[in-house]
Amino acid sequence: MPKSEFLREAEARGFIFQCTDMEALDAAMQAGPVSGYIGFDPTADSLHVGSLIQIMMLRLLQKHGHRPVALMGGGTAKIGDPSFREEARQLMTAETIAQNLRGIEGCLRQFLSFDDRPGEGAGAMLANNADWLDRLSYIDLLRDVGIHFSVNRMLSFDSVRSRLEREQGLTFLEFNYSILQSYDFRELNARHGVTLQMGGSDQWGNIVSGIDLVRRMNQQQVFGLTTPLLTTSSGAKMGKSARGAVWLSAQRLPVFEYWQFWRNTEDADVGRFLRLFTDLPIEECDRLAALPGAGINEAKKVLATEATALCHGRAAAEQAAEAARRTFEEGALSADALPSISIAAATLHEGIPAFRLFADSGLVASNGEARRLIRGGGARLNDEVVTDEGRMIGEGDLREGVIKLSSGKKKHILVRPA
RNA sequence: GGAGGGAUGCCCGAGUGGCUAAAGGGGGCGGACUGUAAAUCCGCUGGCGUACGCCUACGUUGGUUCGAAUCCAACUCCCUCCA
């Protein structure tokens, strides 16, 4: 049983999958503040729920007086992570990467405090591996880093071995990727005294390699800690919603939908998610998760509001909760916080066929899909089922200045003339 | 380097000259039931058009044929066995 505050809470809340040396890490954390990092790849301008467990881990670290470090893979992004090699990833331009970095930083700022808080330990730090990878000289790398890597050993890693056994090509670039990742740890250790790397359980191999490298190059004992791979109780990968990834940025996913994502959690996941994705005390999480029968819905609302508050702020979360209450519990026509789109007033004046408006609204992906939705009886206009796909929608359909379109019971959007 | 097998829609997988926008399953979406849950059941599931219809799609390129996912040739990639 760990004694340090951080490890105790992390373990109790379900964050810990594996640790390279639990006792030593525990001792280090009791001795003083530890800097721990997690890497994020700037492949999009927002993070999504798939990374949330990592973010929450950093947050927890900060809560207990340690220093969280978010490492941006600005340098490695230039070659692309080969581990998802369906096809070689498209190379991103420097501008795209820079833009993505800004977006991700925005996400992280919601969850972490980047300011030093007197008496409460250091603020979070943002690092970018482009700072050292960009200027890396090949000769120096070979001499200083390469000498510490045993090819025999690398060949024995599952990830590499499975590729070789299937006689599936493994490029030199791919083979090197883990070396660069290890090097990140060594740089963070040397530059900023980072002694802990965290990540998903799929990063275990990389983390262990990094630890070895730091020990050899810097003569430092450092640690690795992984989180479990998150799936829902019914086995689905976490973080997929109706329209793709559940983004943390409000530009990519309206707050209302973020709230809905959590509201629709499966019963069996409520306790686990409360512990992982909210700041509520564990006892409170357990109490909520144990609510019998339909009472669990109250727990889901708490989960939704708390998780949304962390990401988008308390006010926006409560607005989303209220919009949901009005929409689902009162069946109100419109609620301000529902996502909305605008349409040219002239179009509305002339009238537009129902299937087309549904497609234009983004509720469905194409006209054909809109037609199918209508034929299947799942489309509603101002809460009335639409039966005729060609029904003209015009100014006469405005209610309080907006038109509400629904796909099924859960997806709603307001159309405003502009 | 040699011999054989394969590449099908979001994924898995059947199909071996026209009836094939392509069986079946998964996933997704919608409906019923419920608690905005799970499980279950039902329907839908390439794009464009109100529609007869048109276009795109079975690794790539070309060919045979009235007609090709299906036959032929070359190429690319993958798998199995031998060296």
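Every chain is numbered from 1 and lettered A, B, ... according to where its sequence line falls, protein lines coming before strand lines.
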With [X], which residues qualify under side chain to side chain contact (heavy atoms under 4.5 Å, CB included), at least two apart?
X	result
A:Arg216	A:His148
A:Asn189	A:Thr195, A:Val214, A:Asn218, A:Gln220, A:Val222
A:Glu384	none
A:Ala316	A:Val255, A:His312

Which pairs pass side-chain hydrogen bond (donor to acceptor under 3.5 Å, both in side chains) with one or both residues in residues 279-289 of chain A, sequence neighbours excluded?
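For residues 279-289 of chain A, and leaving out neighbouring residues, the side-chain hydrogen bond (donor to acceptor under 3.5 Å, both in side chains) pairs sorted by first residue read A:Arg59-A:Asp279, A:Arg275-A:Asp286, A:Glu284-A:Arg287.
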For A:Asp45, check salt bridge (Lys or Arg N to Asp or Glu O under 4.0 Å) against everything at least two apart and list the hits.
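Applying salt bridge (Lys or Arg N to Asp or Glu O under 4.0 Å) to A:Asp45 gives A:Arg252.
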Round to a whole Å and report the spacing from CG of A:Asn264 to P of B:G28.
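Spelled out: CG on A:Asn264 to P on B:G28 is 13 Å.
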Assuming nearest nucleotide by heavy-atom distance, tell me which of A:Lys301 and A:Gly368 is located more 5' along RNA chain B.
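Comparing both residues, the 5'-ward one is A:Lys301.
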Nearest-nucleotide wise, let me know which of A:Ser407 and A:Ala365 is further upstream toward the 5' end of RNA chain B.
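With A:Ala365 and A:Ser407 compared, the 5'-side residue is A:Ser407.
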Heteroatom pairs (N/O) under 3.5 angstrom, protein to nucleotides 32-35 of chain B:
unit_1	atom_1	unit_2	atom_2	d
B:A32	OP2	A:Lys409	NZ	3.3
B:U34	O4	A:Lys409	NZ	3.0
B:G35	O6	A:Asp267	OD2	3.4
B:G35	N1	A:Asp267	OD1	3.3
B:G35	N1	A:Asp267	OD2	2.6
B:G35	N2	A:Asp267	OD1	2.5
B:G35	N2	A:Asp267	OD2	3.4
B:G35	N2	A:Asn297	OD1	3.4
B:G35	N2	A:Lys300	NZ	3.0
B:G35	N3	A:Asn297	ND2	3.3

By side-chain hydrogen bond (donor to acceptor under 3.5 Å, both in side chains), which residues pair with A:Glu318, not counting sequence neighbours?
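Residues passing side-chain hydrogen bond (donor to acceptor under 3.5 Å, both in side chains) with A:Glu318: none at all.
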Assign a letter to each nucleotide of nucleotides 49-54 of chain B from its 5' end: B, base within under 4.0 Å of a protein heavy atom; S, sugar-phosphate only; -, no contact.
BS----
Pairing partner of B:G59 (Watson-Crick or G-U wobble, both distances under 3.5 Å)
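Result: B:C75.
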Nucleotide of B:G30, B:G47, B:U36 approaching A:Arg372 most closely (side-chain heavy atoms)
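Closest nucleotide to the A:Arg372 side chain: B:G47.
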Atom CZ of A:Arg135: over 12 foreign heavy atoms under 6.0 Å
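Not buried by this count: 12 neighbours or fewer within 6.0 Å.
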